[in-house]
Protein chains: 2
Amino acid sequence: MTVTLADVAARAQVSPATVSRVLNGNYPVAASTRERVLRAVDELDYVLNGPASALAAATSDLVGILVNDIADPFFGIMASAIQAEIGGPGGRAGGERLAVVCNTGGSPERELTYLTLLQRQRAAAVVLTGGAVEDAPHAAAVAAKLRKLADAGTRVVLCGRPPAPDTEAVALTFDNRGGARALTDHLIGLGHRRLGYIAGPEERTTTRHRLEGHRAALAAAGIEEDPRWTVHGRYDRRSGHEATLELLRRDPSLTAIVAANDSVALGACAALRESGLRIPEDVSVAGFDDLPFSIDAVPSLTTVRLPLAEAGARAGRIAMGREEPPPGGIAAVRGELMVRGSSGVPRE
Amino acid sequence: MTVTLADVAARAQVSPATVSRVLNGNYPVAASTRERVLRAVDELDYVLNGPASALAAATSDLVGILVNDIADPFFGIMASAIQAEIGGPGGRAGGERLAVVCNTGGSPERELTYLTLLQRQRAAAVVLTGGAVEDAPHAAAVAAKLRKLADAGTRVVLCGRPPAPDTEAVALTFDNRGGARALTDHLIGLGHRRLGYIAGPEERTTTRHRLEGHRAALAAAGIEEDPRWTVHGRYDRRSGHEATLELLRRDPSLTAIVAANDSVALGACAALRESGLRIPEDVSVAGFDDLPFSIDAVPSLTTVRLPLAEAGARAGRIAMGREEPPPGGIAAVRGELMVRGSSGVPRE
DNA sequence: CATCGGACAGCAAGCGCTTTCTAGATGGGG
DNA sequence: CCCCATCTAGAAAGCGCTTGCTGTCCGATG
């Protein structure tokens with residue numbers, strides 16, 4: 001029924017071993033023989049059996065990319081960059097690898113299951129993107145999994161994620177703390193003293209780091225933070241909308257709102273506008289990430305640009321062994337403050 | 001080194017066959033035996049070898065999702081919905097499948113290569129999303145590939161993509177023509193007579209269908225189209241920005257601009273604003289797709305909502321054989337006109 | 001009490017490929 | 001002119017799992 005290596009070998013009048021060697025190209029085969037084999041492959045329309053070769057060679061050409069939310073451009077951009085370097089079809093890399101992205105939906109269990117699935121497939125490499133969940137047992141489970149993957153020869157790279165201790169995983173970490181600090185510093189510099197903060201989900205590292213940076217800026221300026229000024233939500237627009245209304249209810253005198261990311265900031269803008277407040281005359285708004293749509297917002301969004309594509313590309317290259325990992329296996333990727341129209345001098 | 005089925009069997013004092021049956025659960029195994037096996041699996045931290053079982057069973061649990069651009073929420077939303085139904089970890093489905101998304105970047109060659117890679121992996125199903133390229137040889141090559149995949153037992157579903165003739169592939173097609181028609185009808189109804197159109201890349205089905213719908217509306221209203229009113233570009237914001245400036249240069253008297261999709265529309269809005277034109281007082285703008293950010297634009301975008309998530313979910317279920325394919329293997333998915341602030345009565 | 005059928009468990013034959021080791025050529029140097 | 005180094009191709013042993021078929025044990029049946 002299906003064409004096998006043996007069929008090709010028969011047609012080309014060589015042994016299966018030779019066909020295999022032609023296809024893998026890592027063993028000398030005479031040019032004439034090679035050509036004969038390739039012709040047979042073509043004529044029979046032969047397609048290598050992936051599982052069989054993975055089994056025999058004890059390695060596969062699968063590379064996994066884990067993302068929290070595939071519908072979010074934040075992850076889409078990174079995934080795209082990673083994949084381009086992994087070299088799926090058409091990539092810069094030579095061999096054809098199946099770069100696959102797995103959507104964890106932010107759930108720790110799914111993350112673990114995907115990791116197991118990739119381990120099961122004997123993946124060549126795995127790149128984990130996005131913040132981790134701050135749950136000790138889960139973190140330990142993930143670390144154990146990563147260790148096992150590394151043992152099995154799978155290269156592990158973390159992109160935009162804190163390092164995993166006791167692991168061989170290379171980590172490219174975003175400097176969320178520093179970016180948030182710079183952002184709030186900017187707002188304080190404009191004269192703001194009462195700043196609302198819409199944070200992400202409580203248990204995520206990204207959430208915590210950004211919040212810490214924000215608070216560090218407040219502390220440095222001698223501003224005592226009012227607990228009512230912080231609201232937690234999800235990393236989406238809707239959440240920003242709701243949280244803003246809540247903040248406004250709690251303290252109508254806020255002059256600035258700092259959001260966990262750009263989507264949240266956009267939701268905040270909508271809520272402010274609906275409440276009859278002008279941006280930035282009445283309230284300044286700031287986001288984080290600098291996704292493509294942020295510059296198109298009206299007014300355009302003040303935010304922190306994260307080099308998502310660059311970091312992803314680098315992670316991809318490291319995963320493929322085409323770039324040296326950073327010393328110590330850890331590198332911090334810095335963000336850049338982008339001051340735009342949504343932030344201004346506070347009223348009064 | 002690595003733990004194998006045989007190791008587990010030895011530890012549980014049963015034969016490898018029994019362990020396999022416990023793990024696959026499709027053969028009667030006494031409860032006590034099963035428990036003993038599971039304990040051994042746990043103690044040894046055993047992970048099934050995917051390639052080996054795929055080889056032996058001649059099937060794998062891999063499901064491929066092809067998208068044009070993973071960084072575009074249009075595809076992200078569909079992919080997410082498909083994946084949720086495929087049942088990757090945590091999905092509704094029972095078995096654990098590795099749902100993987102492959103980024104073709106809109107390139108026909110990559111698309112083909114990914115298809116081959118999936119065929120090589122003996123994928124259980126493949127879902128192709130997004131418009132196809134209108135190139136006869138390529139279309140034929142894809143059709144041939146899809147036929148081969150189907151022959152090998154891979155279920156093939158097209159989501160938001162025109163049917164592939166002579167193929168067993170099930171197609172869930174977006175009614176781009178109808179949506180575009182309704183959108184332009186709306187604009188004409190408001191009184192617009194000079195409408196610019198920013199189309200997508202020339203050779204894509206989606207581009208052509210939307211443009212045809214637009215032109216049908218013009219024709220029905222007896223409006224003769226000026227060739228200068230159409231500009232082709234890519235499906236991104238930047239393209240919308242450039243194309244709008246070009247349209248304005250060609251004919252400053254345009255009162256409406258219809259964009260190939262929402263991202264393009266946003267770019268158009270930015271360009272109009274920079275040119276000192278108000279939306280919709282001076283120029284109305286319309287998009288397509290109704291992505292999440294469209295409602296947040298200022299003014300919010302008049303567009304056509306495509307039920308991306310619903311269509312993706314359905315495609316996923318069909319791919320898993322959990323839902324009957326539509327009669328004839330083809331179903332049209334209709335869009336819904338969303339009239340918002342960016343469209344209004346033309347000036348003068 | 002002998003027999004029969006059902007419920008489990010094991011044997012062993014592959015699945016299609018890779019790779020080590022071996023063998024046959026070939027050709028150049030001593 | 002023979003031998004050895006160099007190339008190239010083949011034989012065959014798995015890789016780790018699934019599954020058809022064959023047994024075995026046991027309670028139920030006549």
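What you are looking at is a predicted structure, and each value in this text was computed from that prediction instead of being measured.
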Participant: Are B:Lys148 and B:Gln119 linked by a side-chain donor-acceptor pair shorter than 3.5 Å?
Facilitator: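 Note: B:Lys148 and B:Gln119 side chains miss the donor-acceptor criterion.
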Participant: Is any side-chain N or O of B:Tyr27 under 3.5 Å from a base N or O of C:dA7, one able to act as donor and the other as acceptor?
Facilitator: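 Under the 3.5 Å cut-off, the side chain and the base do not form any donor-acceptor pair.
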Participant: Should the side chain of A:Arg120 and the base of D:dG16 be counted as holding a donor-acceptor pair, with the cut-off at 3.5 Å?
Facilitator: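 By the distance-only test, no, there is no pair.
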Participant: Can you find a donor-acceptor pair, distance only, under 3.5 Å between A:Arg36 side chain and D:dT8 base?
Facilitator: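 No, no donor-acceptor pair under 3.5 Å.
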Participant: Looking only at the side chain of B:Val29 (C-beta and beyond, no hydrogens), which of the listed nucleotides D:dG10, D:dG16, C:dA9 gets closest?
Facilitator: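 The listed nucleotide nearest to B:Val29's side chain is C:dA9.
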Participant: If you go through the side-chain atoms of A:Arg122, does one of them form a donor-acceptor pair with the base of D:dG16 closer than 3.5 Å?
Facilitator: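 Per atom types, no contact qualifies.
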Participant: Any donor-acceptor pair under 3.5 Å linking the side-chain atoms of B:Thr104 with those of B:Ser107?
Facilitator: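 Not at all, the side chains of B:Ser107 and B:Thr104 share no donor-acceptor pair under 3.5 Å.
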Participant: Once you round it to whole Å, what is the distance between P of C:dA7 and CZ of B:Arg21?
Facilitator: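 Result: 15 Å.
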Participant: On the nucleotide C:dA9, are OP1 or OP2 found under 4.0 Å from the side-chain N or O atoms that B:Ser15 carries?
Facilitator: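 Checking B:Ser15 against C:dA9: no side-chain N or O falls below 4.0 Å of OP1 or OP2.
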Participant: Would you indicate what A:Ala57 reaches in the nucleic acid, counting non-hydrogen atoms under 4.0 angstrom: base, sugar-phosphate, or nothing?
Facilitator: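 Since only primed, P, OP1 and OP2 atoms lie under 4.0 Å of A:Ala57, the category is sugar-phosphate.
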Participant: Checking contacts here: which listed nucleotide (C:dG16, C:dA9, C:dT19) is nearest the side-chain heavy atoms of A:Leu55?
Facilitator: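 Among C:dG16, C:dA9, C:dT19, the one nearest the side chain of A:Leu55 is C:dG16.
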Participant: With DNA chain C as reference, determine whether B:Pro28 or A:Asn26 sits nearer its 5' end, using the nearest nucleotide of each.
Facilitator: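 Result: B:Pro28.
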Participant: Among C:dT18, D:dT18, C:dC21, which nucleotide has an atom closest to any side-chain atom of A:Asn24?
Facilitator: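 Selected nucleotide: C:dT18.
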Participant: Atom CG of B:Asp7 and atom P of D:dC15: how far apart are they, to the nearest Å?
Facilitator: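 Atom-to-atom, B:Asp7 to D:dC15, this comes out as 12 Å.
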Participant: Nearest nucleotide by nearest heavy atom, which residue falls closer to the 5' end of DNA chain C, A:Thr18 or A:Asn49?
Facilitator: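 The answer here is A:Asn49.
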Participant: Any side-chain N or O of A:Thr33 below 4.0 angstrom from OP1/OP2 of D:dA9?
Facilitator: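 Yes, because at least one side-chain N or O of A:Thr33 sits under 4.0 Å from OP1 or OP2 of D:dA9.
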Participant: If you take all heavy atoms of B:Met320 and B:Ile86, which pair is closest and at what distance?
Facilitator: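 What the structure gives for the nearest pair is SD-CD1, 3.6 Å.
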Participant: Write down the distance between CD (A:Glu35) and P (D:dT8), rounded to a whole number of angstrom.
Facilitator: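 From A:Glu35 CD to D:dT8 P: 16 Å.
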Participant: Which listed nucleotide (D:dG10, C:dC8, C:dA12) is nearest to the side chain of B:Ala17?
Facilitator: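 Ranking D:dG10, C:dC8, C:dA12 by closest atom to the B:Ala17 side chain puts C:dA12 first.
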Participant: Where the side chain of B:Arg122 meets the backbone of B:Thr154, is there a donor-acceptor pair that is under 3.5 Å apart?
Facilitator: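 Pair absent, no side-chain N/O of B:Arg122 close to backbone of B:Thr154.
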Participant: B:Gln13 CD to C:dA9 C1': how many Å, rounded?
Facilitator: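 Distance, rounded to whole Å: 14 Å.
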Participant: Where do A:Leu5 and A:Ser20 come nearest, in terms of heavy atoms and distance?
Facilitator: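 Of all heavy-atom pairs spanning A:Leu5 and A:Ser20, the closest is CD1-CB, 4.0 Å.
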Participant: Using whole Å, report how far CG of B:Asp61 lies from C1' of D:dT18.
Facilitator: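 Between C1' of D:dT18 and CG of B:Asp61: 14 Å.
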Participant: Rounded to whole angstrom units, what separation is found between the CZ atom of B:Arg34 and the C1' atom of C:dA9?
Facilitator: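 It works out to 13 Å between those atoms.
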